[in-house]
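These notes are about the structure you will find just below.
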Amino acid sequence: MPLFENLISSPTLWVTIVILYTLKKGIHFVPQNRGYVIYTLGKYSKTLSAGLNFIIPFVQSVAADRNLKEQSLEIMSQSAITKDNITLDIDGILFMKVTDASAATNNITDYKMSVTQLAMTTMRNAIGSMELDECFQNRDLINAQILGAMTEATAPWGVMVTRYEIKDITPPQSIREDMEKQMTAEREKRSVILTAEGVKTAAITQAEGQKQARVLDAEAAKAEQVLAAEASKESQILTAAGKAEAIRLVAIADADALEVVGKAANTEQGQSAVTLTLAQNAITAHQAIAKEGTLVLTDGKTGDNIANTVAQAIAVSSSLKA
């Protein structure tokens with residue numbers, strides 16, 4: 001007990017405690033992405049950055065510790081009235097970061113609450129400038145409007161809003177029912193249009209097919225007629241050539257026969273044969289005349305006529321030979 005009392009009453013102990021406390025107040029290890037706002041006798045003097053920092057104990061103090069990382073703030077659901085007087089429930093999320101720890105401490109009381117309230121007000125203003133359909137179709141435009149307005153308003157606070165996103169837009173139940181009916185009608189309309197387009201395309205395709213078939217049939221008929229005409233032409237040419245060749249051959253045969261007969265007629269035996277042949281032909285001619293009719297007129301000199309005929313033939317033959 002006397003030892004404890006001696007220790008408590010020792011000036012060295014108290015001096016040591018005061019020195020350690022003073023060092024603690026004067027030395028600060030600032031973490032990364034943090035900013036310590038320093039006041040000197042109640043007035044802002046500087047902001048400590050990350051690392052080892054020294055301040056004057058009891059004269060300077062840490063007034064605020066600001067987080068310099070990007071932070072997200074949830075914007076609670078709120079009511080907003082559109083340009084066509086429809087009430088919507090809208091919520092969102094906001095991303096921001098402190099860029100100036102001293103401004104976030106000295107120029108605004110609670111920068112997080114202020115940024116949240118400003119986001120809600122700006123969102124209501126943006127919704128109020130649009131109709132219901134535009135609100136659903138232009139979310140990116142709404143986000144851009146809110147972000148632009150907040151970036152300008154929060155600059156003096158040392159806060160930068162990096163992004164704003166609308167999470168949900170909830171219309172009243174009656175509006176949702178009307179929208180569902182409209183969507184159903186639109187789907188049915190698209191279905192009817194697609195069906196009509198399909199029928200139209202099928203009809204066009206069928207017509208094109210029939211047209212192409214008729215064209216092909218016409219071309220085939222034309223080609224067939226051309227081929228038939230060519231075949232007929234070739235056939236006629238071949239027939240004419242055949243006839244011409246036959247006539248030529250007959251003429252050659254006749255000429256050869258006459259030549260043989262002529263050569264034979266130059267002899268004595270040939271003359272006798274010619275005379276006999278002519279006499280036979282004359283008799284045959286008179287017989288043929290007698291067969292053609294029941295009445296035959298004659299001058300009673302048939303034999304002389306036959307002899308005269310033969311003599312005339314021999315004279316003609318002699319003149320040909322000469």
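Keep in mind that the numbers below use all heavy atoms, side chains included, and drop hydrogens, waters and symmetry copies. Note that the structure is a prediction, hence the values are computed from the model and not measured.
- When side chains are defined from C-beta on, M150 counts as touching L94, because their heavy atoms get closer than 4.5 Å.
- Rounded to the nearest 0.5 angstrom, Q78 CD and D91 CG are separated by 9.0 Å.
- Distance check: K189 NZ to L194 CG gives 12.0 Å after rounding to the nearest 0.5 Å.
- Placement of V30 and L68 in two distinct hydrophobic clusters is found when ILVMFWY residues are connected by side-chain heavy-atom separations under 4.5 Å, directly or transitively.
- The two residues F29 and Y36 make their nearest non-hydrogen contact at O-OH, 4.2 Å.
- Around atom CD of E224, no more than 12 heavy atoms belonging to other residues, nucleotides or ligands sit under 6.0 Å away.
- A donor-acceptor pair is defined here as one N or O able to donate and one able to accept, closer than 3.5 Å; such a pair exists between the side chain of T121 and the backbone of Q117.
- S77 OG to M120 CE: the interatomic distance, rounded to the nearest 0.5 Å, is 8.5 Å.
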>> Working note: I27 + F54, criterion side-chain contact (heavy atoms from CB on, under 4.5 Å); need CA distance, chi angles, decisive distance, verdict.
In response: CA-CA 5 Å; I27 300 175; F54 299 94; 3.6 Å; yes
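- With 3.5 Å as the limit, one finds a donor-acceptor pair spanning the side chains of T40 and Q60.
- L141 is connected to V161 through a chain of hydrophobic side-chain contacts under 4.5 Å among Ile, Leu, Val, Met, Phe, Trp and Tyr, so both are in one cluster.
- Clustering ILVMFWY residues whenever any of their side-chain heavy atoms sit less than 4.5 angstrom apart, transitively, puts V37 in a cluster other than the one holding V98.
- Side-chain contact check for I81 versus T87: some heavy-atom pair is nearer than 4.5 Å.
- Under the 4.5 Å side-chain criterion, counting only non-hydrogen atoms from C-beta, D84 is not in contact with D133.
- Between the side chain of N107 and the backbone N or O of P156, at least one donor-acceptor pair lies under 3.5 Å.
- Criterion: ILVMFWY side-chain heavy atoms under 4.5 Å apart, direct or through other members. Under it, V59 and V62 are not part of a common hydrophobic cluster.
- Side chains of S129 and N125 form no contact here, defined as non-hydrogen atoms less than 4.5 Å apart.
- In this structure, CG in L48 is found 13.0 Å from CZ in R34, a value given to the nearest 0.5 Å.
- Across all their heavy atoms, P31 and A50 have their closest contact at O-CB, 3.5 Å.
- Of the charged side-chain nitrogens involved, none lies within less than 4.0 Å of a carboxylate oxygen, so that E230 and K233 do not count as a salt-bridged pair.
- Between the side chain of T47 and the main chain of G35, no donor-acceptor pair closer than 3.5 Å is present.
- In this structure, I127 and I142 have side chains that are in contact, with non-hydrogen atoms separated by less than 4.5 Å.
- Distance CD1/I166 to CE/M123: 6.5 Å, rounded to 0.5 Å.
- V159 and Y111 make their closest contact through CG2-CD1, 3.9 Å (heavy atoms, listed as atom of the first residue, atom of the second, distance).
- Between the CD atom in E234 and the OG1 atom in T239 there is a gap of 11.0 Å [rounded to 0.5 Å].
- Remark: Q210 CD is packed, more than 12 non-hydrogen atoms of other residues, nucleotides or ligands lying under 6.0 Å away.
- T205 contributes a side-chain N or O that, together with a main-chain N or O of T201, makes up a donor-acceptor pair within less than 3.5 Å.
- The shortest distance between side-chain heavy atoms of I38 and Y44 does not fall below 4.5 Å.
- With contacts defined as side-chain heavy-atom distances shorter than 4.5 Å, the pair K83/M130 does not qualify.
- Remark: side-chain polar atoms of T99 are paired, donor with acceptor, to backbone N or O of G158 under 3.5 angstrom.
- Counting all heavy atoms, side chain and backbone alike, K167 lies closest to E74 at NZ-OE2, 3.5 Å.
- Environment of CZ in R163: sparse, with no more than 12 heavy atoms of neighbouring residues, nucleotides or ligands closer than 6.0 Å.
- Minimum interatomic distance between Y164 and A119 (heavy atoms only, all atoms of both residues): CE1-CB, 4.1 Å.
- Taking every heavy atom of both residues into account, A126 and Q145 meet most closely at CB-OE1, 3.5 Å.
- Connection of I247 to L238 is not established within any shared hydrophobic cluster, with ILVMFWY side chains joined at heavy-atom distances below 4.5 Å, either directly or through further cluster members.
- In this structure, the side chain of N53 engages the main chain of G51 through a donor-acceptor pair within 3.5 Å.
- Counting only N and O atoms by type, the side chains of T170 and D168 include no donor and acceptor under 3.5 Å apart.
- Side chains of D140 and N143 form a contact here, defined as non-hydrogen atoms less than 4.5 Å apart.
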